[in-house]
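Chain naming here is simple, since letters A, B, ... match the order of the sequence lines and numbering starts at 1 in each. Side chains are part of it too, since the values below use all heavy atoms of this structure and drop only hydrogens, waters and symmetry mates.
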There are 2 protein chains.
Amino acid sequence: MDGKKSSGTDPARSLALLWGSHTKPGRSGLTVRAIVDAAIGIADAEGLDALSMRHVAERLGVGTMSLYTHVPGKSELTDLMVDRAYGELYDDVGAPSAQPGGWRGAMEFVAVRNWELYRRHPWMLQIITARPVLGPNVSLKYEAELRPLDGIGLTDVEMDSVLTLILTHVEGTARVQASLDQVQQDTGMSETEWWLASAPVLDKVMDPSHFPVASRVGQAAGQAHQGASDPVHALTFGLARILDGVAALIAQR
Amino acid sequence: MDGKKSSGTDPARSLALLWGSHTKPGRSGLTVRAIVDAAIGIADAEGLDALSMRHVAERLGVGTMSLYTHVPGKSELTDLMVDRAYGELYDDVGAPSAQPGGWRGAMEFVAVRNWELYRRHPWMLQIITARPVLGPNVSLKYEAELRPLDGIGLTDVEMDSVLTLILTHVEGTARVQASLDQVQQDTGMSETEWWLASAPVLDKVMDPSHFPVASRVGQAAGQAHQGASDPVHALTFGLARILDGVAALIAQR
DNA sequence: CCTTGTCCCGTACGATGTACGGTACAAGGT
DNA sequence: ACCTTGTACCGTACATCGTACGGGACAAGG
């Protein structure tokens, strides 16, 4: 669910680029690595909307079209950015499984690490929705995150399902968090400010008697979270329920 | 996590538009309702990327800039589209709570209905990531989905948390499904075709001994799902775990 | 009949990704 | 040492986007 096609029509080309060497310089010293890092810098600082080929080229001091010598197009560039960013996740493939607290502790570690990564690079959430980027770092991440689930009574397919469930949950809540940050940055209004500006209009236009449960619960939740939504709470609450559910699955064997 | 700012800087204006009358025609017969419906038609048929103001105007046989008389900008238009689409969800506010199977049956019903809605209008997933669209239909949806959770031993805040958890899960899996469909449409390759095209390159470039668990589990999952991922399975598996977790929360009271 | 306000919309501007073709450099063969 | 060939670089151009601006035309109130 990103914008245009998420990658060129040729998977072989994309894969070769992802797994190939990114440090071989052209005659002006330009490398794939440098392009990707510049792009990540821009996306981190100014958001994915500000990421344009012209902008990247300008930052590198090269002509815009020179980028196309090293990267087939923008979608391949964003794929490269995603794989590179996922490389920040774990120092070691064994990091999650080395965590205390068994599989549950490991999965909480995985969730937190992913959450923090998405907070650092919120633009990732606008890209990864499409077909997974099968790069080297993504593969390593998959291995690292599966290992703690191995040998605890789940089938291979269930291991994949559980991991997918947890990662989908983290992505979903991180997406909400990122959106809140973005709206706040765009409008200059904090979550509570925006809510305060909306409240009088809502009161005038919306009759609470038509929404008895919604208005009661919305009031309580709004008060508790100091805003329309609290992604951090959603993350931890949801993760606890999910892990309880997985534990139940394991126990019933 | 959509593109630009998700709505104008003025919440009051957006809310007034959402809750206002959409059927009052201008002197050429143009209405907000007609604009929104035309936009939805385009997004359904050609995707959100094909949705442009020019395109909408052309379909309605009016000048492009005439749209701006009725709608402040494109982001407000997409907000209107979302609220309108959510109106399709339930015929009656009591529909979910009238479902058999208690709260669990009701929540399964809610999940399936949302899932089907997103399959019908996949473009919604590219919009709703930002701050919730506080329109009339969204409010009604919130009420309808909260009711089955009322009076089953959850606090008000927990009711909101549980619903958020379920909806986030459905959105996340629906997003994957939508992405798969989009990639398939863009490239003309089915999931399995794409995988077959990638496999030889991956074999050459990726050493399975470095990813023992990942390659074993990936193999098993790929075989079971006939592709890199199976969103329908992810939806049902995840929902079962989540509801088990919620049941555990209720039971421990 | 004139004034005023509102609706309609043509033109224009600054973006975007990238196709195309030209230029200039580095390496290999003689 | 010179020529050939391939490839890296990049300037220009095009189609597309959202929408700011201002002018023209119609409806209603005085």
Visitor: Mapping A:R54 and A:G63 to their closest nucleotides on DNA chain D, which lands nearer the 5' end?
Guide: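 Going by which nucleotide is closer to the 5' end, it is A:G63.
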
Visitor: Taking side chain as C-beta onward, heavy atoms only, is B:Y142 less than 4.5 Å from B:D160?
Guide: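 They are in contact (side-chain heavy atoms under 4.5 Å apart), so the answer is yes.
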
Visitor: Nearest-Å distance, NZ (A:K24) to P (C:dA26)?
Guide: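 So the NZ-P distance, A:K24 to C:dA26, works out to 18 Å.
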
Visitor: The side chain of A:M65 lies closest to which of these nucleotides: C:dC8, D:dC10, C:dT11?
Guide: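 My answer, after comparing the listed nucleotides, is D:dC10.
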
Visitor: For residues A:V32 and A:K24, determine if any side-chain heavy atom of one lies less than 4.5 Å from a side-chain heavy atom of the other.
Guide: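 No; the side chains remain at least 4.5 Å from each other.
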
Visitor: At under 4.0 Å between heavy atoms, what does B:S66 touch on the DNA or RNA strands: base, sugar-phosphate, or nothing?
Guide: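 Counting heavy atoms under 4.0 Å across all strands, the contact made by B:S66 includes a base.
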
Visitor: Just the rounded figure in Å: distance from P of C:dT16 to NZ of A:K74.
Guide: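 About 9 Å, once rounded to whole Å.
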
Visitor: Identify whether the distance between the nearest side-chain nitrogen and carboxylate oxygen of B:R175 and A:E171 falls below 4.0 Å.
Guide: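 No, this pair does not count.
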
Visitor: Below 4.5 Å, heavy atoms only, C-beta onward: do B:R119 and B:D181 meet side chain to side chain?
Guide: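 Sidechains of B:D181 and B:R119: in contact.
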
Visitor: Expressed as a whole number of angstroms, how long is the span from B:L77:CG to D:dG18:P?
Guide: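 Taking CG of B:L77 and P of D:dG18, I get 10 Å after rounding.
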
Visitor: Rounded to whole angstroms, how far apart are CG on B:D49 and P on C:dT16?
Guide: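 Interatomic distance, CG of B:D49 to P of C:dT16: 17 Å.
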
Visitor: So B:L51, base contact, sugar-phosphate only, or nothing? Heavy-atom distance under 4.0 Å.
Guide: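 The residue B:L51 makes sugar-phosphate contact but no base contact.
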
Visitor: Please state how far atom CE in A:M53 lies from atom P in C:dA15, giving the value in whole angstrom units.
Guide: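 In whole Å, C:dA15 P lies 18 Å from A:M53 CE.
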
Visitor: Does B:H55 put a side-chain nitrogen or oxygen below 4.0 Å from OP1 or OP2 of D:dC17?
Guide: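 Checking B:H55 against D:dC17: no side-chain N or O falls below 4.0 Å of OP1 or OP2.
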
Visitor: Below the 4.0 Å mark, does C:dT16 have OP1 or OP2 next to a side-chain nitrogen or oxygen of A:S52?
Guide: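 Yes.
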
Visitor: What's the NE2-P distance between B:H70 and D:dT19, to the nearest Å?
Guide: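 That distance rounds to 16 Å.
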
Visitor: In whole Å, what is the span from the CG atom of A:L30 to the P atom of C:dA24?
Guide: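 Rounding to the nearest Å, CG of A:L30 and P of C:dA24 are 20 Å apart.
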
Visitor: Give the C-alpha distance, both sets of side-chain angles, the deciding distance and a yes or no for ring pair (Phe, Tyr, Trp, His ring centres under 6.0 Å) between A:H169 and B:H169.
Guide: CA-CA 6 Å; A:H169 174 66; B:H169 175 66; 8.9 Å; no

Visitor: Would you kindly give the CD-to-P distance between B:E46 and D:dT16, to the nearest whole Å?
Guide: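 For the pair B:E46 CD and D:dT16 P, the rounded distance is 13 Å.
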
Visitor: Strictly below 4.0 Å: does A:S28 bring a side-chain N or O up to OP1 or OP2 of D:dA8?
Guide: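 So the side chain of A:S28 is outside the cut-off, no N or O lying under 4.0 Å from OP1 or OP2 of D:dA8.
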
Visitor: Side chain of B:Y68 only, please: which of D:dA8, C:dC9, D:dT19 is the nearest?
Guide: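 Within the option list, the nearest is D:dT19.
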
